[in-house]
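Heads up: the structure comes next, in structure tokens.
Sequential numbering from 1 along the given sequence is applied to the chain's residues. Quantities reported herein were computed from a predicted structural model and do not represent experimental measurements.
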Amino acid sequence: MENFNITRFGQALKCHFLVSRKSWIRIFGIYTLVMFVANLFFTRGVAYMSYSRMEELYQGEELVREYTHLVYQTTGFCMIFFGFAMLFGASYMFAQMKDTRKRSAYLLWPVSNSEKYIISLLHSIILMAIITVVSIVAADALRVLIDAITGRVFVWGVPLYGKYFSSGPEWQEMLMAVTWMFYFHSLYIIGGTLFRRFQFLSTSITIATVVILLVILFAQIGWDNIDFNLWYYEPTGEVYKLSDGRTIDIMRAVYNPSFYFAILGGWLIVAAHYWASFKLFCRMQVINNKWLNV
């Protein structure tokens, strides 16, 4: 059998989606419900001011502006939720292979190992991302519907994400954040491939254990002795005036070449994790360890 055939891959991708569509619809329903409850929680449960009080103090555009502040609070939670959803999707990668019958059917599928792996990878990344984004939009629409029924002003939360990203950090900081995101995602990809049961929980416990051990190790070495010299700060010549009259120099980060080498090294590690996950998948058998896929 050819290692990769684009026509066969396309047919298998469509077949896998049709077979697993019920589980994806269930995940979409759960995500929408969670985000809808979160929208209500931030606009009603922990609001710094009740809506009735807002109507007493503000009218027209001022009321819309104040209520927009409440809706804007949901964007940060949605971004965090999106990150956790992607990690769950990574660990959910081979959830369809939990029992022997499903494992046998998947491994005996008449496609190559690379095609099987890429199909599961695309579903766990691309499809999970689409489902999460659509659930966020659907939850926002439900919240707007409830607002209309209860007599509140119309404020859509989805356009506020443009404001969230436009006021973001420098591109180097974004690059570092994206690198860390893919690094953890690749760890959960390995966990989803290695662990046979409770993939998300098992991977999270393993990562937490390793992090705790590293913190203990670095504490023994001494944090002051660790300096990777990735960046330093220098004044911009501008100052920020406080309410009491004092001023603070505004600093900006200057990134050393070691920062970019570290980022490159991080992406090489991410690629190595994905490759290790593929190799683990190729070693899967119908009858495996009770807790591990090896």
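Nearest heavy atom pair, residue A12 against residue V111, reads CB-CG1, 3.9 Å. A pairwise comparison of heavy atoms in G89 and S124 identifies O-CB, 3.0 Å as the closest pair. Among all heavy-atom pairs drawn from N39 and T43, the shortest one is O-OG1, 2.7 Å.
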Kindly list each side-chain donor-acceptor pair under 3.5 angstrom involving residues 126-151, sequence neighbours excluded, with atom names and distances?
from, atom 1, to, atom 2, distance (Å)
T132, OG1, M128, O, 2.7
S135, OG, I131, O, 3.2
S135, OG, T132, O, 2.6
D140, OD1, R143, NH2, 2.7
D140, OD1, G157, N, 3.2
D140, OD2, G157, N, 2.9
D140, OD2, V158, N, 3.3
R143, NH1, D147, OD2, 2.8
R143, NH1, V155, O, 2.9
R143, NH2, V155, O, 2.8
D147, OD1, R44, NH1, 3.2
D147, OD1, R44, NH2, 2.8
D147, OD1, Y67, OH, 3.1
D147, OD2, Y67, OH, 2.9
T150, OG1, R44, NH2, 3.4
T150, OG1, I146, O, 2.8
T150, OG1, D147, O, 3.3

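Here the straight-line distance linking atom CG of L87 with atom CZ of F82 works out to 10.5 Å at 0.5 Å rounding. The structure places OG of S20 at 10.5 Å from CD1 of I119, a figure rounded to the nearest 0.5 Å. In this structure, the separation between CD on Q11 and NZ on K14 is 9.0 Å, given to the nearest 0.5 Å. Put simply, OG1 on T203 and CZ on F88 are 11.5 Å apart, with the number rounded to the nearest 0.5 Å. Here CD1 of I27 is found 11.5 Å from OG1 of T32. Values are rounded to the nearest 0.5 Å. The CG atom of L280 sits 11.5 Å away from atom CD1 of I189, with the distance rounded to the nearest 0.5 Å.
Side-chain contact between S277 and Y117 is present, with heavy atoms from C-beta onward closer than 4.5 Å. Contact of the I207 side chain with the F184 side chain is registered, since non-hydrogen atoms from C-beta on lie closer than 4.5 Å. Side chains of F195 and S91 form no contact here, defined as non-hydrogen atoms less than 4.5 Å apart. Looking at heavy atoms from C-beta onward, F281 lies out of side-chain contact with S120 at the 4.5 angstrom threshold. Between K116 and N113, the closest side-chain pair of non-hydrogen atoms falls below 4.5 Å.
For Y183, the ring pair (Phe, Tyr, Trp, His ring centres under 6.0 Å) partners two or more places apart in sequence, or in a different chain, are W180, H273.
Linking ILVMFWY side-chain heavy atoms closer than 4.5 Å, directly or via other members, places L70 and V37 in two distinct hydrophobic clusters. There is a path of hydrophobic side-chain contacts, each under 4.5 Å, that joins I30 to M93. With hydrophobic clusters built from ILVMFWY side chains whose heavy atoms lie under 4.5 angstrom apart, I263 shares a cluster with V178. Residue V270 is grouped with residue V211 when hydrophobic side chains (ILVMFWY) are merged at heavy-atom distances under 4.5 angstrom, including chains of intermediate members. I190 is not connected to L213 by any chain of hydrophobic side-chain contacts under 4.5 Å among Ile, Leu, Val, Met, Phe, Trp and Tyr, and they are in different clusters.
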Worked check of side chain to side chain contact (heavy atoms under 4.5 Å, CB included) between L122 and F9: CA-CA 12 Å; L122 290 177; F9 170 76; 3.7 Å; yes
Decide yes or no on side chain to side chain contact (heavy atoms under 4.5 Å, CB included) for F200 and Y92, but give the supporting numbers first. CA-CA 7 Å; F200 183 82; Y92 193 74; over 6 Å; no
Please determine whether ring-ring contact (aromatic ring centres under 6.0 Å, His included) holds for the pair Y31 and F81, giving the CA-CA distance in whole Å, both sets of side-chain angles, and the decisive distance to 0.1 Å. CA-CA 9 Å; Y31 283 6; F81 180 81; 5.2 Å; yes
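Taking the six-membered ring where tryptophan is involved, the planes of W24 and H123 are tilted, since the angle between them lies from 30° to 60°. Between W267 and F182, the ring planes are tilted. Angles from 30° to 60° get that label. Ring orientation note: the planes of F77 and F42 are tilted relative to one another, at an angle of 30° to 60°. Relative orientation of the Y274 and H185 rings is tilted, given thresholds of 30° and 60° on the angle between their planes.
In this structure, S202 contributes its side chain and Q199 its backbone to no donor-acceptor pair below 3.5 Å. Using a distance-only test at 3.5 Å, with no hydrogens or angles considered, a donor-acceptor pair links the side chain of E115 to the main chain of S112.
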